Amino acid sequence: GAAAGPGGRGRGAGPYPDTPPPPAGLPLPMATDRGVAGVLSVAPAGPHPPPLPHRELLEAFARQAALVLDRQLLQGEAERGRLAAESDRLGRALLDSGAHELRTPLTALNAAATALPAAPPAAQPALAGEILEASARLNRVVGHLLDMSRVEAGAVRPQPEWTDPRGLLDGVTRELAAELAGRRLAVEIEPALKLLWLDPRLTRATLLNLLPNAPRHRPAGTPVTLALRRDGESVVFTVADDGPGFAPGELPRLFTKFHRAPAATAGGTGLGLAVARGFAEAQGGTLTAANRRE
């Protein structure tokens with residue numbers, strides 16, 4: 001028998017007092033080839049146990065329930081295995097991409113730093129410029145790798161606040177001044193937009209990853225427009241240019257991790273657009289691409 005005190009739990013009788021008490025009613029093991037998944041307890045409606053045909057039917061039901069439960073457990077294990085494999089694959093891809101993209105700026109940085117002490121004064125500014133450029137590229141590659149890891153891990157949490165769009169876009173264009181050097185960038189903001197409820201940090205990071213792609217893949221001198229307008233209850237940021245557009249079949253792959261356009265210049269990780277979309281979606285937004293002329 002078993003007894004339970006006030007606020008306590010039942011204790012089994014016999015030599016194993018700490019084992020759980022047997023289930024009330026008729027115990028039916030839920031067994032599969034992998035073992036017993038549990039015990040199904042059936043309480044008879046009357047004082048007598050069910051007849052043999054009824055018991056056989058109940059046992060068959062318990063076996064079927066065990067199979068369903070076992071299948072769910074197997075599916076859960078398979079899904080965990082798939083996620084672990086995908087996480088491992090992503091980690092290796094990030095590591096491989098990072099190692100490849102870090103090698104070039106590290107080589108340039110080492111060469112310029114080695115030559116700088118013995119270089120004549122006239123050559124030192126150019127070498128210092130190479131060091132700064134390589135450092136900026138290193139910082140960009142590491143930033144993309146870290147950002148992609150955060151996006152994939154679901155660790156990006158928006159913190160919205162009322163934000164002045166003009167100050168936000170001015171800061172973005174100032175930060176990209178070096179990358180946009182020689183490019184005509186027009187900023188257009190709908191006059192009625194005074195304050196926006198958004199995460200300025202994530203929005204800034206989205207634009208910093210998105211904007212450089214327009215001039216990077218277009219001929220020098222091609223103008224780029226950054227526009228902001230209201231669309232119903234939403235606001236829309238648009239980056240547009242008058243370049244030749246995307247090649248057929250390129251649009252579906254633009255935001256894929258590690259994808260780079262065939263004519264892309266050296267120095268990219270293929271993560272910028274994927275990171276930008278991840279940051280946009282973390283705020284409940286979307287990021288799409290299209291040709292202006294189909």
Side-chain angles (χ1 to χ4, degrees), residues 136-137 140 143-144 147 158 160-256 259-294:
R137 181 173 171 184
R140 183 168 60 249
H144 279 171
D147 288 340
E161 59 184 64
W162 289 110
T163 304
D164 174 19
R166 290 157 184 81
L168 174 67
L169 297 189
D170 285 346
V172 169
T173 54
R174 282 197 303 271
E175 193 162 348
L176 290 174
E179 290 194 60
L180 298 176
R183 308 283 182 168
R184 288 184 291 153
L185 176 64
V187 178
E188 301 175 357
I189 302 177
E190 190 174 297
L193 293 176
K194 304 300 182 184
L195 292 175
L196 302 178
W197 181 253
L198 48 75
D199 185 324
R201 179 181 56 87
L202 285 180
T203 305
R204 169 185 160 278
T206 301
L207 294 173
L208 287 177
N209 280 288
L210 179 62
L211 260 174
N213 282 274
R216 188 178 297 157
H217 302 293
R218 298 294 177 263
T222 303
V224 179
T225 301
L226 171 59
L228 177 58
R229 61 180 175 83
R230 183 178 297 281
D231 183 11
E233 296 298 318
S234 304
V235 292
V236 179
F237 291 84
T238 303
V239 177
D241 61 53
D242 292 326
F246 300 102
E250 190 70 15
L251 284 172
R253 300 184 293 167
L254 277 181
F255 300 100
T256 303
H259 173 71
R260 303 189 68 220
T265 56
T269 61
L271 289 174
L273 290 178
V275 169
R277 171 173 277 185
F279 285 163
E281 292 178 347
Q283 293 195 79
T286 58
L287 186 59
T288 59
N291 285 321
R292 299 179 72 175
R293 302 183 184 90
E294 297 294 339

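This is a predicted model, so every value here is computed, not measured. Just the heavy atoms: all of them, side chains too, but no hydrogens, waters or symmetry mates, feed the values below. Nothing fancy with the numbering, it's 1 onward along the sequence.
Rounding to the nearest 0.5 Å gives a distance of 4.5 Å between CG of L169 and CD1 of I189. The OG1 atom of T225 sits 7.5 Å away from atom CG of L185, with the distance rounded to the nearest 0.5 Å. Distance check, rounded to the nearest 0.5 Å: CG of L273 to CG of L287 gives 7.5 Å. To the nearest 0.5 Å, atom CD of residue E188 and atom CG of residue L226 are 9.0 Å apart. With values rounded to the nearest 0.5 angstrom, R204 atom CZ is found 10.0 Å from F279 atom CZ. Rounding to the nearest 0.5 Å places CG of N209 at 6.5 Å from CG of D147.
Residues passing the side chain to side chain donor-acceptor pair (under 3.5 Å) test with Q283 are T203, sequence neighbours excluded. In this structure E161 satisfies the side chain to side chain donor-acceptor pair (under 3.5 Å) test with no other residue, sequence neighbours excluded. In this view, A136 satisfies the side chain to side chain contact (heavy atoms under 4.5 Å, CB included) rule with no residue, not counting sequence neighbours. By the side chain to side chain donor-acceptor pair (under 3.5 Å) test, R277 pairs with no residue at all, sequence neighbours left out. With sequence neighbours left out, the side chain to side chain contact (heavy atoms under 4.5 Å, CB included) criterion links D170 to R174.
Heavy atoms only, all atoms of each residue included: A282 and P158 are closest at O-CG, 3.3 Å. Here the closest heavy-atom approach between residue L193 and residue P165 is recorded as O-CG, 3.8 Å. Between D199 and L202, the shortest heavy-atom contact is OD1-N, 3.1 Å.
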Report all side-chain donor-acceptor pairs from residues 227-240 shorter than 3.5 Å, counting only partners two or more places apart or in another chain.
none

